[in-house]
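A quick write-up on the structure given underneath.
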Amino acid sequence: MVRLGFIIGFIALLGALLSGLAAYRVHDQELALDRIALARAIDVHASLVQDRLTERELLARVASGLFRAPSVLKPNMLEPLRSAIYAFKTDFVVAGWVARLQPNELAAAQAAIAAAGFPKPQIRDYSDKPIAAASLTHPIDVLMDLEPRSDETKALPGRSYDKDPVLSAMLARARIEKRSVASDPVPLLRGNGPIGVIVAAPVIPEGATEPAGFVTFSYELATLMLTNDDMSLFSVALRDPRREGGELVANDQGIVSTRMGADGPPPSATRTVSFGGRDWQLGYYAKSNSARRAEQTAIIVAAIGFAITAMVCGLFGYVAYNNLRLSREIQVRIGFERRLTAVIDELNHRVKNILAVIQSIVTRTLRHGSDIDIARELLIGRIHAMSNVVSLLSESQWQGVKLKGLFEARAIPHADRIAVTGPDIAVSARAAQSLSLLFFELASHSDEGLSLVGKHPHITANWTVTGDASEEVFHFRWEEFNTSEATRRPDSDFGLILLDRVAPEALGGTAKRFFTDVSYVYELTAPMETVVDMTERDRTDKLSAPVRPVR
C-alpha cells in the first residue's frame with residue numbers, strides 16, 4: 001500500500017510539474033503574441049496617421065503653390081482654389097487665406113471684406129477689438145477669406161492673428177522658414193470649440209523674398225489621431241507640447257480632453273510622426289492587460305492539467321488498488337489452503353494420539369483375567385474422561401484447559417466430595433489428557449472409603465507453583481482421608497502404570513504414592529514449562545490465527 005501511494009504521489013507530482021510547465025509556456029507565448037500583435041497594430045496605426053498628416057500637409061503646399069501673383073486685397077481669394085481644395089476630400093474644419101497687410105492697406109482690405117459679403121469687415125484684433133491704422137508700425141496678418149462659409153465662420157474674416165499667442169508664433173515661423181508649419185493644439189472656431197491643429201503654408205510671389213500671406217487649414221485632433229475605433233487594441237494620446245507631462249486624449253465620441261500623464265501608468269509604446277515642420281509624439285495605451293490575460297490563460301491551462309492529472313491518478317489508483325486487492329485475496333486463499341493442510345495434519349496427529357491412548361486404555365483395561373463388570377465400568381469412565389478433556393480443548397481451540405475444569409462431575413466420580421484448591425492455571429493439551437486420566441484413576445479407586453464419611457469431603461486435591469519465573473515447579477498432592485490399604489480398592493495394572501510412569505513421564509516429572517495412618521497420598525512434581533508447554537500453545541495459536549496476506 002505504501003508503494004502504491006508512492007507511485008500515485010510520483011504521478012501526481014509529475015503531472016503537477018508538467019501542468020505548471022505548460023502553464024508557464026502558455027503564459028509566455030500568450031504574452032509574447034499579445035505584445036507582437038499590439039506592436040504591429042501600433043506600427044500600422046502610426047503609419048496611417050503619418051500618411052494622413054502627410055496628405056494634409058501636401059494639401060497646404062499645393063494650395064499655396066497655386067497663388068502665382070496674388071493680390072492680397074482681392075475679394076474671394078479662395079475662389080480659384082475651391083475645386084482643388086475639395087478635390088483632396090480631406091476633413092479640414094476651415095480653410096483660410098491670411099493676408100500680410102501693410103498699415104496703409106487696412107482701409108482697402110476692409111472694403112474688400114465687405115465686398116465679399118462678410119458681416120464684420122472691420123479690421124480687428126483676435127479679441128474682436130478694432131485696430132486703428134495709425135497705431136500700426138509694421139505689417140499685420142489678417143484673415144481675408146475662408147471655406148466653408150457658414151453662420152459660424154462668416155464672422156471670422158477681418159480678424160488679425162498678431163496678438164494670438166499660438167497662431168502668431170505659427171505664422172512668424174512659417175514666414176521665417178518659408179515652409180508649411182503646424183500650430184500647437186488650440187480650440188477651433190471659438191474658445192470652447194473642438195481642439196485641433198492649424199497648418200499654415202506661406203504664399204511667396206515670384207521674385208519676392210517675403211510671403212504675401214498664408215493658406216491655412218485647421219483639423220480636429222481626433223480625426224488626425226484616428227482614435228474613434230472601438231475595436232482597436234489600444235487608445236491613443238498626443239503629448240501636449242504646451243505643458244510638460246500633459247497629454248491630449250479623445251474619447252469614442254471624438255471629444256479631446258487634457259490629462260496629466262503622470263497620473264496614470266506609462267504608455268505601452270510611443271511613436272513619433274512629422275507634421276507641419278515638427279515632430280509629434282503619440283502614446284499608445286493597451287486597452288486590455290496582456291499580463292492579466294496571459295495569467296488567466298495560464299491558470300486555465302494549469303487547471304486543465306491538474307484535472308487530467310487527478311483523473312489519471314484516480315484511474316491508476318483504482319486499477320492498482322483492485323489488482324492489489326485481488327493479489328491479496330489470492331495470497332489469503334493460498335495461505336488458507338496451506339494452513340488447512342497444516343490443520344488437517346495436526347488433526348490427524350492428535351486423532352492418532354487419542355486413538356493410541358484409547359487403544360492402550362482398552363487393552364490394559366480388558367486384559368485377560370479381569371473382572372468384566374469392573375473392567376467395563378473402568379473402561380467407560382476412562383473413555384468418558386478422555387472425551388471430557390477433548391471437549392474442553394475444543395472449546396479453547398486447543399490452547400489449554402483450566403486445571404480446575406478437569407474436576408467436573410461429568411468426568412470425575414464423586415467430584416462433589418473432592419475439595420480442590422490451587423491457582424487456576426491453564427495446562428497444555430498433552431498435560432490435560434494425562435492429568436484427566438490421572439484424576440479419574442485416583443477418584444475411581446476411592447469409592448470404598450466414601451461410605452465411611454457420609455456427605456463430608458474426605459478427599460483433597462491441591463497444587464502449588466514454586467520457584468523463580470524461569471524455574472517454576474508444579475506440585476500436586478492428592479490425599480484420601482479415612483482410608484487404608486484394607487478399605488481402598490486396589491489400583492489396576494493400567495492405573496499403576498498411569499500413576500507411576502505415564503503421567504510423570506508426560507509431564508517430565510516424578511511421582512510417589514503412599515499410605516499414612518489416616519490417608520492415602522499421591523504426589524506429582526513437574527516443571528511448569530512442561531505443564532504449560534508454551535511451544536505447543538504457540539503452534540496451536542498459529543494454526544487458529546486468521547490468515548493475513550503478505551505485504
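We use all heavy atoms of the structure for the numbers below, so side chains are in, but hydrogens, waters and symmetry mates are not.
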Would you say the side-chain atoms of [X] pair up with the backbone N or O of [Y], donor to acceptor, closer than 3.5 Å?
{"X": "Trp463", "Y": "Pro423", "value": "yes"}
{"X": "Arg56", "Y": "Arg52", "value": "yes"}
{"X": "Ser168", "Y": "Asp164", "value": "yes"}
{"X": "Ser218", "Y": "Val94", "value": "yes"}
{"X": "Ser180", "Y": "Ala60", "value": "no"}
{"X": "Ser47", "Y": "Asp43", "value": "no"}
{"X": "Glu472", "Y": "Gly467", "value": "no"}

Less than 4.5 Å apart, side chain to side chain, heavy atoms only: is that true for [X] and [Y]?
{"X": "Leu406", "Y": "Val401", "value": "yes"}
{"X": "Phe275", "Y": "Val49", "value": "no"}
{"X": "Leu524", "Y": "Leu435", "value": "yes"}
{"X": "Thr530", "Y": "Arg430", "value": "no"}
{"X": "Leu248", "Y": "Arg242", "value": "yes"}
{"X": "Ile198", "Y": "Leu188", "value": "yes"}
{"X": "Val273", "Y": "Leu282", "value": "yes"}
{"X": "Leu156", "Y": "Leu189", "value": "yes"}

What's the shortest heavy-atom distance between [X] and [Y], and which atoms?
{"X": "Glu244", "Y": "Met260", "value": "O-CE, 3.5 Å"}
{"X": "Ser183", "Y": "Met170", "value": "CB-SD, 3.5 Å"}
{"X": "Val197", "Y": "Pro185", "value": "CG2-CA, 4.4 Å"}
{"X": "Val215", "Y": "Ala63", "value": "CG1-CB, 3.8 Å"}
{"X": "Phe214", "Y": "Ala200", "value": "CB-CB, 4.4 Å"}
{"X": "Arg61", "Y": "Ala201", "value": "N-CB, 4.3 Å"}

Mind checking the [atom1]-[atom2] spacing from [X] to [Y]? Nearest 0.5 Å is all I need.
{"X": "Thr464", "Y": "Ile425", "atom1": "OG1", "atom2": "CD1", "result": "9.5 Å"}
{"X": "Leu53", "Y": "Leu58", "atom1": "CG", "atom2": "CG", "result": "12.5 Å"}
{"X": "Ser327", "Y": "Asn322", "atom1": "OG", "atom2": "CG", "result": "12.5 Å"}
{"X": "Gln331", "Y": "Leu326", "atom1": "CD", "atom2": "CG", "result": "10.0 Å"}
{"X": "Ile36", "Y": "Leu38", "atom1": "CD1", "atom2": "CG", "result": "11.0 Å"}
{"X": "Asp141", "Y": "Asp162", "atom1": "CG", "atom2": "CG", "result": "5.0 Å"}

### Task
Take Val502 and Leu437 through the test side chain to side chain contact (heavy atoms under 4.5 Å, CB included) and record every step on the way to the result.
CA-CA 10 Å; Val502 175; Leu437 289 176; over 6 Å; no
#### Entry: Within residues 4-23 or reaching into it, pairs that qualify as side chain to side chain donor-acceptor pair (under 3.5 Å) - sequence neighbours excluded
none
### Task
Determine, step by step, whether Ile7 and Phe316 satisfy the side chain to side chain contact (heavy atoms under 4.5 Å, CB included) criterion, reporting the C-alpha distance in whole Å, the side-chain angles of both residues, the deciding distance to 0.1 Å, and the verdict.
CA-CA 9 Å; Ile7 295 175; Phe316 178 81; 3.4 Å; yes
Between side-chain atoms of residues 289-308 and protein atoms elsewhere (two or more places apart, or another chain), which donor-acceptor pairs fall under 3.5 Å?
unit_1, atom_1, unit_2, atom_2, d
Asn289, OD1, Ala291, N, 3.1
Asn289, OD1, Arg292, N, 3.2
Thr297, OG1, Arg293, O, 2.9

More than 12 heavy atoms of other groups within 6.0 Å of [X] [atom1]:
{"X": "Arg35", "atom1": "CZ", "value": "no"}
{"X": "Lys163", "atom1": "NZ", "value": "no"}
{"X": "Arg243", "atom1": "CZ", "value": "no"}

#### Entry: Evaluation steps, side chain to side chain contact (heavy atoms under 4.5 Å, CB included), between Ser274 and Asp279
CA-CA 5 Å; Ser274 298; Asp279 292 334; 3.1 Å; yes
Under 30°, 30 to 60°, or over 60°: which ring-plane class applies to [X] and [Y], parallel, tilted or perpendicular?
{"X": "Tyr161", "Y": "Tyr126", "answer": "tilted"}
{"X": "Phe234", "Y": "His45", "answer": "perpendicular"}
{"X": "Phe217", "Y": "Phe92", "answer": "perpendicular"}

#### Entry: Pairing of Arg333 and Glu337 as salt bridge, 4.0 angstrom limit
yes
### Any pair counted as salt bridge (Lys or Arg N to Asp or Glu O under 4.0 Å), so long as it reaches residues 306-320, sequence neighbours left out
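Sorted result for residues 306-320: empty, none.
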### Task
Show the numbers, then the answer: is there a side chain to side chain contact (heavy atoms under 4.5 Å, CB included) between Gln50 and Arg271?
CA-CA 10 Å; Gln50 183 64 70; Arg271 296 291 186 272; over 6 Å; no
